[in-house]
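Sequence lines set the chain letters: A, B, ... in the order given, protein chains first and strands last, and positions in each chain run from 1. Every value quoted in this text rests on a predicted model; they were computed, and no experiment measured them.
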2 protein chains.
Amino acid sequence: MERDTKQRRAIRDIFAREHRPLSTEEVLTAGRAFVPSLGIATVYRTINSLAHEGWIHSVELPGEPIRYERCGKPHHHHFICRGCGLAFDVAACPEDVERLAPPGFVVDAHELVLYGRCPGCHQA
Amino acid sequence: MERDTKQRRAIRDIFAREHRPLSTEEVLTAGRAFVPSLGIATVYRTINSLAHEGWIHSVELPGEPIRYERCGKPHHHHFICRGCGLAFDVAACPEDVERLAPPGFVVDAHELVLYGRCPGCHQA
DNA sequence: GACCAAATGATAACCGATTATCAAGAGTGC
DNA sequence: GCACTCTTGATAATCGGTTATCATTTGGTC
């Protein structure tokens with residue numbers, strides 16, 4: 001993974017542009033706008049290599065396929081639209097989650113997922 | 001799925017006794033304490049039938065195998081222990097989650113998962 | 001206790017997701 | 001532009017999880 005190919009450039013660009021986690025299918029579809037011949041194997045290879053070098057990381061949401069997003073974003077959560085199925089970033093956080101755990105449980109991380117309809121799917 | 005067998009009784013009892021979501025593997029292991037010959041196929045069949053009749057429902061947590069818990073529990077969330085890997089119920093809820101979504105997003109449900117160590121794994 | 005249909009358990013089959021294979025294509029340095 | 005090697009893309013192989021198959025076992029009923 002050293003050469004600068006148009007496939008890798010396209011996939012990097014997609015992650016840099018979209019500020020939300022993307023599935024392999026989304027990357028494939030978006031990537032084909034730049035490189036029509038793009039194959040799924042290249043998507044997996046490139047995602048694995050970008051994840052390995054710490055440029056993206058996986059985002060697992062309940063009942064959803066694994067998605068990936070750029071590393072280094074500030075703490076945030078996610079919203080899944082029941083209409084279009086896309087995952088969006090949510091900047092806010094309930095903050096005091098440590099207090100929610102029963103006595104004796106030590107919390108070191110938390111994950112919040114909101115479900116509903118995005119602005120685009122709201123009226124539909 | 002009509003007869004009352006010791007396998008089904010065992011699996012029902014397990015779900016009634018454990019107040020936390022269980023994976024198929026956990027059900028298999030716990031069930032073998034009652035019915036040593038219990039097979040994984042019967043676990044899947046019984047879980048599917050209990051889910052179909054609305055007695056249990058699936059719980060999907062990020063990056064975890066699907067678990068099942070009894071229906072009818074009050075609203076709650078889950079805690080995953082990094083030590084033993086078990087999922088526990090958390091009664092509390094951050095309440096005002098709807099406000100966390102960006103403007104234009106309509107929230108109809110939410111899921112909160114806490115990660116850390118349960119009392120049993122804390123000192124270890 | 002005997003009968004019969006339903007349930008069980010071992011295992012094969014299946015399924016979607018991911019990875020490996022390998023011939024063809026394309027960066028990089030000269 | 002050439003050569004050399006890495007990368008790509010089509011597809012076969014693989015993998016873990018779940019379901020189907022089928023001979024055997026076992027509730028439920030008479």
Side-chain angles (χ1 to χ4, degrees), chain A residues 1-16 21-69 78 80 85-87, chain B residues 1-16 21-69 78 80 85-87:
Chain A
M1 282 297 184
E2 295 151 37
R3 289 183 183 173
D4 185 26
T5 68
K6 55 184 180 300
Q7 287 87 346
R8 287 177 199 168
R9 242 175 292 132
I11 291 174
R12 266 178 204 274
D13 286 355
I14 290 161
F15 277 110
L22 302 171
S23 67
T24 53
E25 278 310 312
E26 288 177 274
V27 172
L28 179 64
T29 303
R32 282 185 168 161
F34 295 85
V35 186
S37 69
L38 184 64
I40 188 66
T42 299
V43 171
Y44 276 106
R45 268 188 299 246
T46 306
I47 283 178
N48 285 347
S49 124
L50 290 175
H52 196 74
E53 64 188 62
W55 201 80
I56 60 175
H57 69 99
S58 66
V59 176
E60 308 202 26
L61 302 174
E64 294 285 317
I66 295 179
R67 291 183 171 87
Y68 298 85
E69 66 180 5
H78 296 104
I80 298 178
L86 297 182
Chain B
M1 282 297 184
E2 295 152 36
R3 290 185 182 172
D4 185 27
T5 68
K6 55 183 181 299
Q7 288 86 347
R8 286 178 201 169
R9 243 174 291 133
I11 292 174
R12 265 178 206 274
D13 288 354
I14 290 161
F15 278 111
L22 303 170
S23 67
T24 54
E25 278 308 313
E26 288 176 274
V27 172
L28 179 64
T29 303
R32 283 186 168 158
F34 296 84
V35 187
S37 69
L38 184 63
I40 187 68
T42 298
V43 171
Y44 275 105
R45 269 189 299 245
T46 306
I47 284 178
N48 285 346
S49 123
L50 292 176
H52 196 73
E53 63 189 61
W55 201 80
I56 59 174
H57 68 100
S58 66
V59 176
E60 307 202 27
L61 302 173
E64 295 284 317
I66 294 178
R67 291 181 171 86
Y68 298 86
E69 67 180 4
H78 296 104
I80 297 177
L86 297 182

Pairwise side-chain contact, B/Phe34 with B/Ile11, heavy-atom cut-off 4.5 Å (strictly under): no
Rounded to the nearest 0.5 angstrom, the NZ-CG distance for A/Lys6 and A/Leu38 is 10.0 Å
Per-nucleotide protein contact along nucleotides 25-30 of chain D, 5' to 3', at a 4.0 Å heavy-atom cut-off (B base, S sugar-phosphate only, - neither), is -BBS--
Per side-chain contact (heavy atoms from CB on, under 4.5 Å), B/Arg45 is matched among B/Thr42, B/Ile47, B/Val43 by B/Thr42
Residue pair B/Thr24/A/Val35 against DNA chain D: nearer the 5' end by closest nucleotide is A/Val35
Residues passing the side-chain hydrogen bond (donor to acceptor under 3.5 Å, both in side chains) test with A/Arg12, sequence neighbours excluded, are A/Glu53
For nucleotides 12-17 of chain C, give me every protein contact, N/O to N/O, under 3.5 Å, one pair per line with atom names.
none

B/Ile47 CD1 to C/dA7 P, in whole Å, measures 17 Å
Scoring nucleotides 10-15 of chain D by protein non-hydrogen atoms under 4.0 Å (B base, S sugar-phosphate only, - none) yields B-----
All heavy atoms of B/Tyr68 vs all of B/Phe15, minimum pair found to be O-CE2, 3.2 Å
Angle separating the five-pair end axes of the helix from C/dG1-D/dC30 to C/dC30-D/dG1, nearest 10°, is 30°
Heavy-atom nearest pair, A/Ala10 first then A/Val35, reads CB-CG2, 4.3 Å
On the nucleotide C/dT19, are OP1 or OP2 found under 4.0 Å from the side-chain N or O atoms that A/Asn48 carries? yes
Residue set satisfying side-chain hydrogen bond (donor to acceptor under 3.5 Å, both in side chains) with B/Arg32, at least two apart, ordered chain then number -> none
note: A/Arg8, atom CZ; C/dG25, atom C1'; distance rounded to Å ~ 14 Å
Sorted by chain and residue number, the side-chain contact (heavy atoms from CB on, under 4.5 Å) partners of B/Ala30 (sequence neighbours excluded) come out as B/Ile14
Donor-acceptor contact below 3.5 Å, side chain B/Arg8 vs main chain B/Arg3: yes
note: B/Ile11, atom CD1; C/dG9, atom P; distance rounded to Å ~ 9 Å
note: A/Leu50, atom CG; D/dT7, atom P; distance rounded to Å ~ 13 Å
* Close side-chain approach of B/Glu60 to A/Leu61, heavy-atom, < 4.5 Å -> no
For A/Glu64, the side-chain hydrogen bond (donor to acceptor under 3.5 Å, both in side chains) test, sequence neighbours excluded, returns A/Arg67
Those residues at least two apart in sequence (or on a different chain) that pass side-chain hydrogen bond (donor to acceptor under 3.5 Å, both in side chains) with A/Ser23 are A/Glu26
